[in-house]
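If you read the sequence from its start, that first residue is 1, and numbering goes on from there. Here the structure is a predicted model, which is why all the values come from computation and not from measurement.
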Amino acid sequence: MAKRTNTASRRAATKGKPAKPARQPKATNGKKHTTQQSVDQAIWSICDIMRRGNVASALQYVPELTWILFLRILDETEDREAAEAEAVGARYSPSLRKPYRWKDWAAPGLENKRKELDDAGNKAFLSFVNGELIPYLKGLRDKSQATSRQKVISEIMSGVERVRIDTERNLLDVLDKVHEISNEHISDQHVFTLSQVYEGLLLKMGEKGSDAGQFFTPREVIRAMVRTIDPKLGETVYDPCCGTGGFLAQAAEYMKPKPGQRVSAEAIQRLKHETFWGREKENLIYPIGLANLILHGIDRPNIWHGNALTGDEVYGGLFQGAPTQFDVILTNPPFGGKENKAAQTNFDYRTSATQVLFMQHFIRSLRDGGRCGVVIDEGVLFRTNEDAFVKTKRKLTDECDLWCVLSLPGGVFSAAGAGVKTNLLFFTKGKPTEKIWYYDLSDVKVGKKTPLTLKHFEDFAAMLATRGDSERSWTVDLSVRKAKASADAQPFKELAWETAAEADGKRERLAELKRARPRNEAAIEETEAEIAALVKRAREASAKADSIENAVYDLKAVNPNRKAEVDLRTPGELLDVIESKGTEVAKAVAELRELVRAER
């Protein structure tokens, strides 16, 4: 292992003081982490250094650790690929040139650029990272014939202007520890892979009080959705508001070939390069999503940087060759967001509510036969008083088979700072909805110490195959509901038509009265009043008909099978309980008064 700079020794000697032994970075001896706890401790020890280095919150240290960890894994990946190419006599071109590879500037214990800068002292290392390394990495995408991987590197670095860590010493300590926890040193037979450790860091960003909570969906909810949609090898998967990439990453884990499964090299190549597509507009979150997908083995994370609703692009270089429609959509659109009128012009039904605009985008982006799983706030399901909400749900059920609505507990998103009630919608494009199967988890108590887990979804998964009825599940026949609403609305429609026709007749009479000479002002005034009354009556009848038909699209989960808890005690028994409790309270108050008097 190379020594730290001799500058400190020389300075101490010139002052007549004994030189302190130079600090040496800890050697990497190849020892593997064999427990989940040891990996977690290594990760959190890095975060501890960052916190002492003035990178205080998860919203700061996760992005900082993201690009550092990514460059470490990139170095490992390209070393492995170079060795594989050499073994078959193929030529290999690394993405980075010297001295910008991890092994050159970050790896401890080598005769490399890091040692050279270390020996130079005077913050030469920090100056190199901020002044040379970061600009070089950010500029890779602009090279002529830049590879897709070079574009990914640049985009992961897109939000990095300089190192956030306050001192060179703290930065070097972070690099040493990151070097020790690479995939090479994690036993995949005993602990989670590094990608799953990274998920723990993202969870910190999603906790209540963090501005990044809006970009985080609980991983157990994602896993349940992926299992329900069941994406297959060869299908394309899309998330138009992908945040930190949780849905795409979990879909990748699910779609990876299982042990013993025979899959062609072409299929594996397609899985890693042409399967996963996303969009994200937030500058801070976009590079984190890219790195998350890389850590999950997606070599080409095809994420478009920009606003999916307006089409405003920041960078689309990673989205080249994207299909116009996708086989699978897995997503969680933002709740309660607002878009301006310019964004609304891209949609059939205009509204400022982002989740409704996104729902239209999902339908448009699915191919026929494609499947979608989406988290949606309950307001979208039950609101029938706004035209865009109703028409979007009508479009959904006319063009897609909405085959399942799963009602989630109220506290699922509270850890991320959102207390809104949510549901999971699952639908297939290509045929209209006839029946909707509902499953109710709304009574499950969810909190910080009692999170929703996959176990809570076990009965749902078992019932899904047959879509049978139970205490938690039921079916709504939407076609029957539509037919009844149409029949109930028909008399009001007829009344509106008849009244409107009568008003038209009165208008002709009014025109004659106004042409007549002399003018009969009293008759004109009376006819105008009659027309106004008829128009009002027609409008009210039409509104009543619309209200009846729109009520069909109140799709909220209302469980008809839940057994209500009824207190069967008689009034006399309840009074006895109240009297007993009153006696207990009076006794406790008397004892407290006695204690107060004794203290005096």
Side-chain angles (χ1 to χ4, degrees), residues 218 220-221 223-230 330 332 355 359 362 371-385 389-390 392-413 420-446 452-489 547-566:
E220 302 301 343
V221 172
R223 292 184 180 104
M225 292 174 66
V226 171
R227 290 183 182 186
T228 302
I229 288 294
D230 188 27
L330 288 160
N332 177 8
Q355 64 272 50
M359 185 62 74
F362 304 153
R371 310 178 303 289
C372 178
V374 55
V375 183
I376 207 78
D377 63 286
E378 194 153 272
V380 172
L381 292 187
F382 68 72
R383 284 178 65 176
T384 58
N385 59 346
F389 280 69
V390 173
T392 299
K393 287 184 283 187
R394 181 182 287 123
K395 181 180 180 68
L396 171 65
T397 53
D398 284 350
E399 298 182 14
C400 305
D401 178 15
L402 176 61
W403 41 271
C404 179
V405 174
L406 193 158
S407 177
L408 292 175
V412 171
F413 288 89
V420 64
K421 177 78 172 62
T422 54
N423 295 262
L424 306 182
L425 271 58
F426 301 98
F427 57 89
T428 301
K429 186 176 178 180
K431 65 175 184 177
T433 302
E434 294 183 3
K435 295 181 179 181
I436 307 172
W437 185 68
Y438 286 82
Y439 192 91
D440 184 16
L441 284 175
S442 61
D443 64 323
V444 175
K445 302 302 179 186
V446 173
L452 201 65
T453 67
L454 277 177
K455 188 172 180 62
H456 289 112
F457 292 95
E458 285 180 357
D459 183 64
F460 162 74
M463 295 288 295
L464 183 64
T466 60
R467 300 182 196 175
D469 288 358
S470 69
E471 187 175 332
R472 290 189 179 276
S473 60
W474 67 99
T475 298
V476 169
D477 192 322
L478 194 66
S479 57
V480 169
R481 183 190 281 189
K482 283 182 179 180
K484 183 178 185 306
S486 180
D488 291 345
S547 175
I548 292 170
E549 292 189 326
N550 289 349
V552 169
Y553 300 99
D554 179 353
L555 304 177
K556 179 181 176 181
V558 180
N559 190 346
N561 301 330
R562 175 163 298 161
K563 297 176 182 176
E565 294 183 7
V566 181

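The shortest side-chain heavy-atom distance between Asn559 and Tyr438 does not fall under the 4.5 Å cut-off. At least one side-chain heavy atom of Val375 sits less than 4.5 Å from a side-chain heavy atom of Met225. The shortest distance between side-chain heavy atoms of Val446 and His456 does not fall below 4.5 Å. Within the 4.5 Å cutoff, the side chain of Phe457 has heavy atoms near those of the Leu406 side chain. Using a 4.5 Å heavy-atom threshold, the side chains of Phe362 and Leu396 count as separate.
Among all heavy-atom pairs drawn from Thr475 and Asp469, the shortest one is N-OD1, 3.7 Å. Heavy-atom minimum distance, Glu220 versus Leu454: OE1-CG, 3.1 Å. Minimum heavy-atom separation, Val444 to Pro409: O-CB, 3.3 Å. Residues Glu549 and Ala489 approach most closely at CG-CB, 3.8 Å, considering heavy atoms. The heavy-atom pair separating Val412 from Leu408 by the smallest distance is CG2-CB, 4.1 Å. Here the closest non-hydrogen pair linking Lys421 and Ser442 is CE-CB, 3.9 Å.
Interatomic distance, Thr453 OG1 to Arg223 CZ, rounded to the nearest 0.5 Å: 11.0 Å. Within the model, atoms OG of Ser470 and CZ of Arg562 stand 10.5 Å from one another, a figure rounded to the nearest 0.5 Å. With rounding to the nearest 0.5 angstrom, the CD1 atom of Ile376 is 6.0 Å from the CD atom of Gln355. Remark: Arg472 CZ to Phe460 CZ distance equals 12.5 Å, nearest 0.5 Å. In this structure, Cys400 SG and Met359 CE are separated by 9.5 Å, a value rounded to the nearest 0.5 Å. In this structure, SG in Cys404 is found 10.0 Å from CD1 in Ile436, a value given to the nearest 0.5 Å.
More than 12 heavy atoms of other residues, nucleotides or ligands lie within 6.0 Å of CZ in Arg394, so this atom counts as buried by the packing criterion. Applying the 6.0 Å contact sphere to CD of Glu471 captures more than 12 heavy atoms from other residues, nucleotides or ligands.
With sequence neighbours excluded, no residue satisfies side-chain contact (heavy atoms from CB on, under 4.5 Å) with Lys445. Under the side-chain hydrogen bond (donor to acceptor under 3.5 Å, both in side chains) criterion, Tyr439 pairs with Asp459, not counting sequence neighbours. Shown here are the side-chain hydrogen bond (donor to acceptor under 3.5 Å, both in side chains) partners of Ser547, two or more places apart in sequence or in another chain: there are none. When the ring pair (Phe, Tyr, Trp, His ring centres under 6.0 Å) test is applied to Phe389, no partner is found at least two apart in sequence or on another chain.
Salt bridge annotation for Asp398-Lys482: present, with a cationic side-chain nitrogen under 4.0 angstrom from a carboxylate oxygen. With salt bridges taken as basic N to acidic carboxylate O contacts below 4.0 Å, none links Arg371 and Asp230.
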Show me the side-chain donor-acceptor pairs of residues 422-432 shorter than 3.5 Å, one per line, residues at least two apart or across chains.
residue : atom : partner : partner atom : Å
Asn423  : ND2  : Glu378  : OE1          : 3.2
Thr428  : OG1  : Trp403  : NE1          : 2.9
Lys429  : NZ   : Ile363  : O            : 2.8
Lys429  : NZ   : Leu366  : O            : 2.9

Considering only distance and modelled atom types, tabulate donor-acceptor pairs under 3.5 Å from the side chains of residues 550-557, sequence neighbours left out.
residue : atom : partner : partner atom : Å
Asn550  : ND2  : Asp546  : O            : 3.3
Asp554  : OD1  : Lys556  : N            : 3.3

